[in-house]
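Report on the following structure.
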Protein chains: 2
Amino acid sequence: MEILVKKNRKQQIEEKATTLFRERGYAATSMRDLAQVLGIEAASLYSHIKSKEEILQKICFRMADEFFEAWKGVESEQNSAAAKMNKAAIAHVKVITRNTDASAVFFNEWRHLSEPYLGDFLAMRDDYEGRFIQIIKDGIASGEFEVVDEKFTMLTILSSLNWTHNWYKPEGSLTPEEVGVKLSNLVLNGLKK
Amino acid sequence: MEILVKKNRKQQIEEKATTLFRERGYAATSMRDLAQVLGIEAASLYSHIKSKEEILQKICFRMADEFFEAWKGVESEQNSAAAKMNKAAIAHVKVITRNTDASAVFFNEWRHLSEPYLGDFLAMRDDYEGRFIQIIKDGIASGEFEVVDEKFTMLTILSSLNWTHNWYKPEGSLTPEEVGVKLSNLVLNGLKK
DNA sequence: ATAATTTGCTAACGAACGTTAGTATGCTTA
DNA sequence: TAAGCATACTAACGTTCGTTAGCAAATTAT
């Protein structure tokens, strides 16, 4: 009967690898380390995967997919740039808080991707960052936001949002939604009264 | 005659290592990679250094020293928390922008330190972060700042400041001081008008 | 019942890793 | 001029790396 409980070995491998890559880094995690966590021999891993890098690719591009998926609904009919930024921040943070380990790998280990994956990855990142820049531009044009350097501001905002993976604990008191709201509020309104 | 121009081999090694560690990560940089950049054999490195990790230790703890050194002057006689935060942000960002490569190593590679260095490092980080928390607490107590979760706010602010190493180009138009001012302003006043 | 798939093993490959030993050369200092 | 230090070499060490080949058992699908 048990539905959704059975996971095939490949999924297990990717899950454990995500944890290890997060804790030790991709380069410092050996296939023998990974095998040991799963209770098998290193060579046995290759019955399920093609290479070590394939695991990293899966993690990185699955996260990218999730970020783009979450973006849907951000640029809806509403016209306020602040509301859009709020929505975007919440959507973004929700993805991170629901995948803290995979997010850490996504943010820190992507440089170990080889071509053409690396190029694809960077192109997606550019695309994604461009969406935040557009919101900022809109806000400036409409007079909602201060006149700022859009790229600088985008980088600053995203760095705040992206850091979430480093401290968020799912078992803590804050829900992903609440984290997004608080971050969005701090970014939009600042610390001063 | 030439003063301050002559650098001994050990310094050269640390400089080149900083660049490589930044570009490829500590674990993915081999001693043979490093030797090649310097035009010597890998074994020759050991006439100057004790181990690969020693280089990482030097980078990390020199940066830590610089951050603490820069803090002097932040907690001066002035009483406004906003002014203190402004000073702290500028001081912090100045250190980063003047050492972007070493900062990247400092922020991303410290986990490869072994004990007792790792413990020392984390203790220093806690100390440093505590200083930012104190400014936030002061600002809340004095009514200058919104009532916020101090730790959450500290993490968010520092993540913005610390991301600077990833995009700042010394040859660009912004001076370190200007970057600090802009970041501090965004954090304190927010994006909205 | 049989075929196919999943899962795992042992053994081993060649390459790369950090590091040490021992030696040699040239520069700097006493 | 001698001593000492800085610098670099060749050769090699034992270990670990990612990965492949070939085989075997168990499970699943036809």
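Residue numbers begin at 1 in each chain, while the letters A, B, ... track the order of the sequences.
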message = Less than 4.0 angstrom from a charged side-chain N to a carboxylate O is my criterion; do B/E54 and B/K58 meet it?
response = yes
Between A/E53 and B/R32, the residue closer to the 5' end of DNA chain D by nearest nucleotide is B/R32
- Message: For B/F106 and B/F121, I'd like to know if the aromatic rings sit close, meaning centre-to-centre distance below 6.0 Å.
- Response: yes
In whole angstroms, the gap separating C1' of D/dG22 from CD of A/E41 amounts to 16 Å
note: B/L45, atom CG; C/dT19, atom P; distance rounded to Å ~ 10 Å
Rounded to whole Å, CD1 of B/I40 lies from C1' of C/dA24 at a distance of 16 Å
Relative to B/F152, does A/K182 satisfy both conditions: NZ or CZ under 6.0 angstrom from the six-membered ring centre, and within 45 degrees of the ring's axis? yes
Rounded to whole Å, CZ of A/R9 lies from P of D/dT28 at a distance of 14 Å
Here the distance between atom P of D/dT7 and atom CD of B/Q11, to the nearest Å, is 10 Å
- Query: Taking the six-membered ring for Trp, are B/Y128 and B/F67 parallel (under 30°), tilted (30 to 60°) or perpendicular (over 60°)?
  - Reply: tilted
A/M31 has its side chain closest, among D/dG18, C/dT10, D/dA8, to D/dG18
Against the side chain of A/K52, the closest entry in C/dT7, C/dT19, D/dT19 is D/dT19
From CG of B/L38 across to P of D/dT7 the rounded distance in Å is 12 Å
Worksheet entry | D/dA6 OP1/OP2 closer than 4.0 Å to side-chain N/O of B/H48 | no
Between CG of A/N8 and P of D/dT28 the distance, given in whole Å, is 12 Å
Side-chain atoms of A/Y46 come closest, of D/dT20, C/dG18, C/dC9, to D/dT20
Separation of C/dC17 atom P from B/Q36 atom CD, nearest Å, is 11 Å
Checking D/dG18, C/dC17, D/dA8 against the side chain of B/S47 (C-beta onward), the nearest is D/dA8
For A/W71 and A/F132, I'd like to know if the aromatic rings sit close, meaning centre-to-centre distance below 6.0 Å. yes
Check your understanding: Which part of the nucleic acid, if any, lies within contact of A/S30, taking any heavy atom under 4.0 Å across all strands shown: a base, the sugar-phosphate backbone alone, or nothing?
Key -> sugar-phosphate
